[in-house]
Amino acid sequence: MTEERGPLHVTGELLATKRIGAHHHLTVVARGVPERFRPGTFVAVSTGAERLARRPLWIHRVRPTGGYGATLELVVEERGPGTRWLVSQPAGTRLDVIGPLGRPFSLPKEPVACVLVGEGYAAGPLFPLAERLRERGCAITMVLVAPDEAHLLSALEARRSARAVTVVTADGSVGQRGSVADVLDETLERAGAAVVYAAGPDEVLHAAAAAAERAGAWSQVALERPMACATGLCHGCTVPVAGEGGHTRLVRSCTEGPVLRGDRVVWDGGEA
Amino acid sequence: MTEERGPLHVTGELLATKRIGAHHHLTVVARGVPERFRPGTFVAVSTGAERLARRPLWIHRVRPTGGYGATLELVVEERGPGTRWLVSQPAGTRLDVIGPLGRPFSLPKEPVACVLVGEGYAAGPLFPLAERLRERGCAITMVLVAPDEAHLLSALEARRSARAVTVVTADGSVGQRGSVADVLDETLERAGAAVVYAAGPDEVLHAAAAAAERAGAWSQVALERPMACATGLCHGCTVPVAGEGGHTRLVRSCTEGPVLRGDRVVWDGGEA
Amino acid sequence: MSLALANPVMVASGCGGTGRELAAYGDPAELGGFVTRSITLAPRAGGHQPRIVETPSGLAHAVDLHNPGVDQFLALELPWLLQQGVTTFVSVVGRTLGEYAEIARRLGRTPGIAGVEVNLSPPDAAASSVFDAREPFHAASVVAAVHRDLPRGVPVLAKVRPDPVRVAETARAVLEAGADAVVVGNALPAAMPDGRDAGLSGPAVRPLAVRCLTEVRAALPDATVVACGGLATVDDVTTVLELGATAVQIGTALLHDPTTAHRLVGALAAPVAGEDEA
Amino acid sequence: MSLALANPVMVASGCGGTGRELAAYGDPAELGGFVTRSITLAPRAGGHQPRIVETPSGLAHAVDLHNPGVDQFLALELPWLLQQGVTTFVSVVGRTLGEYAEIARRLGRTPGIAGVEVNLSPPDAAASSVFDAREPFHAASVVAAVHRDLPRGVPVLAKVRPDPVRVAETARAVLEAGADAVVVGNALPAAMPDGRDAGLSGPAVRPLAVRCLTEVRAALPDATVVACGGLATVDDVTTVLELGATAVQIGTALLHDPTTAHRLVGALAAPVAGEDEA
Ligand SMILES: Cc1cc2nc3c(=O)[nH]c(=O)nc-3n(C[C@H](O)[C@H](O)[C@H](O)COP(=O)(O)OP(=O)(O)OC[C@H]3O[C@@H](n4cnc5c(N)ncnc54)[C@H](O)[C@@H]3O)c2cc1C
Ligand SMILES: Cc1cc2nc3c(=O)[nH]c(=O)nc-3n(C[C@H](O)[C@H](O)[C@H](O)COP(=O)(O)OP(=O)(O)OC[C@H]3O[C@@H](n4cnc5c(N)ncnc54)[C@H](O)[C@@H]3O)c2cc1C
Ligand SMILES: Cc1cc2nc3c(=O)[nH]c(=O)nc-3n(C[C@H](O)[C@H](O)[C@H](O)COP(=O)(O)O)c2cc1C
Ligand SMILES: Cc1cc2nc3c(=O)[nH]c(=O)nc-3n(C[C@H](O)[C@H](O)[C@H](O)COP(=O)(O)O)c2cc1C
Ligand code: FES
Ligand code: FES
């Protein structure tokens, strides 16, 4: 019954963990998952049976490797017990992984100008997105946001696919000092953006959606809402979206998201 | 309020894990604990806050080491989730350790003949016991029992302190094939044993205590009873012992044991 | 009336999505039964975020009966389940006895369902807006109302409160009122960290669910009992089957691992139950 | 009467040994209070082995009130506690109202105790051989009996059943009967894997214990409430203090880590609560 594109449940293996700045980059074997990856999808990892909620993590990259078929690269910021467990496992640890989950970013049919906005680890899925957009001939501007340099994904790599890269940190340790809202309107205008893609906390997504609206662009935002199952079973991760007819309905951010149209998300979080 | 000899609660560190046969030998830094060790005492290790019962483990050996002060050597047989966790931790893992816990083996005042009987990993505390007995001039016979060779602690090392070593395995893969009961009476007689020390599952302890009684020897048995706290707080690990006056009373095997007089333990497990 | 399940492993209400999501991980038709989330007469938006938080070996949830209402359910969710050959039990909950009866009538017009499960025990804030069935007498009234309005031949499962003190009394009352089986029990009444009402489920609650089972078995040795609450491993399932349960429902364990129910079916079918990863 | 604790962290009944064992890990006199295991009139041998088994994030136990009886307790255990300056609350349980009264009289003759905790809610098989105080009215009778026979000035804590449905009603009844504070609650009724009656405690039950607290606070905003059940981390404790508890009791967490209570005292006293290792 499994669709070709549906998620897989596999026992994978942690191949390596590399610390870069405030992040841990995990290389994970999860047979079959990389082949189904599209930017904006994620995996849900078990961090032990006593922590019942799986931990959702963006797929940052898929890499072909010698013996293992392709591997996944995940970027983890240590915060609570689940991520602490994840980043402290030795290479060789078996990982119970489900993925790829969720709806990916939609790609424009025409080669239009795109602005990609990402904060911290959440910028992860924007890198493979940028590659695919470039393959389609889109002109890409990337805006990387972080509290400080340690939480910034590589701006160097961003330059490979992007024509222009803007870096904004809250403490000014690298790039421009400030918040994403400070730079968006100008960036969108300069880029002549037709589509804005955003990933990060709600403030970033909301700001990106609002700037897109002002600029007359489409927006696609990748939400990070707490998830219990990440597989659509529990109806715990609902987010209100404005339907076609103007009324609000609840969708599950794990299965109907995590990528949603920015102009549809009801940002105040009010439900019903 | 801590007595000089009382247990310590420390955050230790796993220095190394080495697999030998069916066992994992763990080298653990637990500041202060080795200095208080006496044979027959044990440590209680936390295997994570979600597994509330600490795992009791015999202290097999105490070794002086370069930088760390002395270290503990623990011998772990993987069985359930707790031991699985323990043996799969990488070197460097912090371990929450309490010890040394429990009453150790009592040593005879005179240099008498002693028979030491141990099954599997539980023979661990008999090796340092043998050393201390030898220091006191006791003649030592060791009986090492195991289901098979993989579960046998080193008979070679046993020969260092013991005059005679008998090995018994259930499958005959090494030493004599059979059970401990088959060899005890003869061994005790040949050794002219005045004291029998035993460590292992109840069958072994009971057999040792009974053989000692038949031979007119004292017995000291190190019980392995399920423990929840291992620190005397919960009254969960009670074992019935015959009191001086002939009546049975319950003692906690973690604080009043784990070493008890074999002739006092009520082996059928019936309580009051 | 017997439940006639192909095997004893069912999906607990509210933990299998609409059924479709589960299909990515195994054919739902291979399970003993699939219980839908609880369906109300009118659609319900459910509770505010956060709806589910992790607790030690459990989940606290205030999903609060989010569901599309019986008509949308019959139009959009049930047909897929029946078409796939899933042994479907529809869970129902109402604000009044009349609502229960009305839902039963609408379900009764739909052939193909394997049974109806009456949710007598929502643990969270829902308790304040659904019919209060905490007293055994009221629980029995609900079961009677549903039973009366369903066609003969559609089994009724009564899902009772996991309250060890009153569970046996409640089980007796609902069986006398016409229930074919008792589901023991549900999420426990609990609180979110912010103090809001919630339900607590998952392995954390298993020893309490097992106690409810032993209470019901002791009082009603001939009743058909479905065990529910904290079951996750082969060991858990064989334990409750040995204690007299006819079937089991798996809830929270599926949220952690959507293959759980299928793995259990496989392990129970194997000649020697496989090794259990606790 | 106020409880007059130096700090809000108490040791829960049955989880601190005789007090002496705890002393290896920290001075028990530095804790807000130490509640003894429940003491009966005659000695009790307690339950069969296994008495305690591990469950997911919890312990199931059938220690079944193992204790030396009130006279031996007064002779062998209490003097050490008082001599060390430990703020000692003696937990009591009886088979009849007369036994409760008799224990109270014997305790009343011993100066120095900080209070008496009435255990109204043993969860395991003990329930069958101790006075059945599950009805609020009966719980109140027990408290009245103890209260009457204790000297004025000895506070009475009533430890009630963690049943979210009836806990507020029970709390009201015991306060009216003379209790100075309510301890909410106790281990939950549960089963051992072999089906024997047991109590369930530890972090697994915390969300249910918090629900009992919110029920009591909502109904009785002025009552002195001591929270008990599954509390382990600084976060747990600050949460229940914010929800209105006056103090907390730590049980199972101490069995896992005997330094827990002292660490909590330290963390709560610190100007900014320390980082919490969940
Ligand atoms: C679609 C998606 C993709 C994500 N990708 C990444 C990633 O690539 N790298 C990364 O480091 N983090 C990512 N996150 C966030 C990550 O899942 C959380 O940081 C993580 O679950 C926290 O777990 P914890 O036990 O360490 O922390 P705790 O805060 O103790 O977690 C407690 C509970 O809250 C949930 N939770 C806490 N923070 C978040 C959050 N921001 N989003 C969702 N749930 C949360 C946890 O899942 C858990 O159930 C992603 C989240 C989502 C929804
Ligand atoms: C004083 C003492 C010293 C011990 N020394 C050693 C040692 O040096 N090496 C070693 O490998 N094992 C030793 N054991 C046994 C060891 O503690 C258990 O094998 C271990 O706790 C099992 O945990 P688990 O989670 O792997 O298995 P599980 O069987 O899943 O454990 C479940 C529960 O049962 C308890 N339990 C299970 N088996 C035993 C047992 N034999 N004794 C006590 N409790 C048990 C566990 O502590 C836990 O609470 C000792 C036990 C005691 C009492
Ligand atoms: C997210 C979630 C939603 C639930 N929704 C329902 C529901 O709609 N109706 C119902 O009867 N039970 C519902 N339950 C309770 C479960 O069906 C089950 O009875 C309970 O969770 C205990 O079993 P478990 O520990 O295996 O999850 C829900 C449980 C969870 C976790
Ligand atoms: C081993 C053990 C023994 C207990 N004995 C008693 C007792 O004698 N009297 C009592 O009132 N509560 C007793 N309890 C219950 C605890 O005091 C506490 O109320 C309960 O365990 C919930 O708190 P916790 O989750 O912090 O342990 C006992 C609990 C355990 C684990
Ligand atoms: S997290 Fe369970 S439905 Fe989305
Ligand atoms: S294990 Fe708790 S008293 Fe011995």
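Any value given below was found using the heavy atoms of this structure, including those in side chains, with hydrogens, waters and symmetry copies removed. Residue numbering restarts at 1 for every chain, and letters A, B, ... go by the order of the sequence lines.
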Quick check for you: to the nearest 0.5 Å, what is the distance between C/Thr18 atom OG1 and A/Arg252 atom CZ?
6.0 Å

Taking every non-hydrogen atom, the tightest pair across A/His9 and C/Pro258:
CD2-CD, 4.3 Å

List the atom of A/Ala228, the atom of C/Leu59, and the distance in Å for their closest heavy-atom pair.
CB-CD1, 4.4 Å

Take atom CZ of A/Arg264 as the centre, draw a 6.0 Å sphere, and report whether it contains more than 12 heavy atoms from other residues, nucleotides or ligands.
yes

Is it the backbone or the side chain of C/Arg20 that comes under 4.5 Å from a heavy atom of chain A, or both, or neither?
neither

With no hydrogens and no angle check, is any side-chain donor or acceptor of C/Gln49 less than 3.5 Å from a backbone partner on A/Gly236?
yes

Give, for atom CG of C/Leu22 and atom OG1 of A/Thr231, the distance between the pair rounded to the nearest 0.5 Å.
8.0 Å

C/Asp257 versus chain A, heavy atoms under 4.5 Å apart: side chain, backbone, both or neither?
both

Quick check: closest heavy atoms across A/Leu250 and C/Ala45, and the distance to 0.1 Å?
CD1-O, 3.2 Å

With heavy-atom distances below 4.5 Å as the criterion, would you say the side chains of A/Leu233 and C/Cys15 are in contact?
no

Restricting to non-hydrogen atoms, name the atom on C/Val63 and the atom on A/Cys234 that form the minimum distance, rounded to 0.1 Å.
CG2-O, 3.9 Å

Let me know if C/Pro50 has heavy atoms under 4.5 Å from chain A in its side chain, its backbone, both or neither.
neither

Side-chain ion pair, C/Glu54 and A/Arg55, N-O less than 4.0 Å:
yes

For A/Arg249, is it the side chain, the backbone, both or neither that has a heavy atom under 4.5 Å from a heavy atom of chain C?
neither

Can you name the closest pair of heavy atoms from A/Leu52 and C/Pro203 and give their distance?
CD1-CD, 3.7 Å

On the 0 to 90° scale, with breaks at 30° and 60°, tag the A/His235-C/His66 ring pair as parallel, tilted or perpendicular.
tilted

When rounded to the nearest 0.5 Å, the distance separating CD1 of C/Ile52 from SG of A/Cys229 is 7.0 Å

Min side-chain heavy-atom separation A/Leu8-C/Tyr25 under 4.5 Å
no

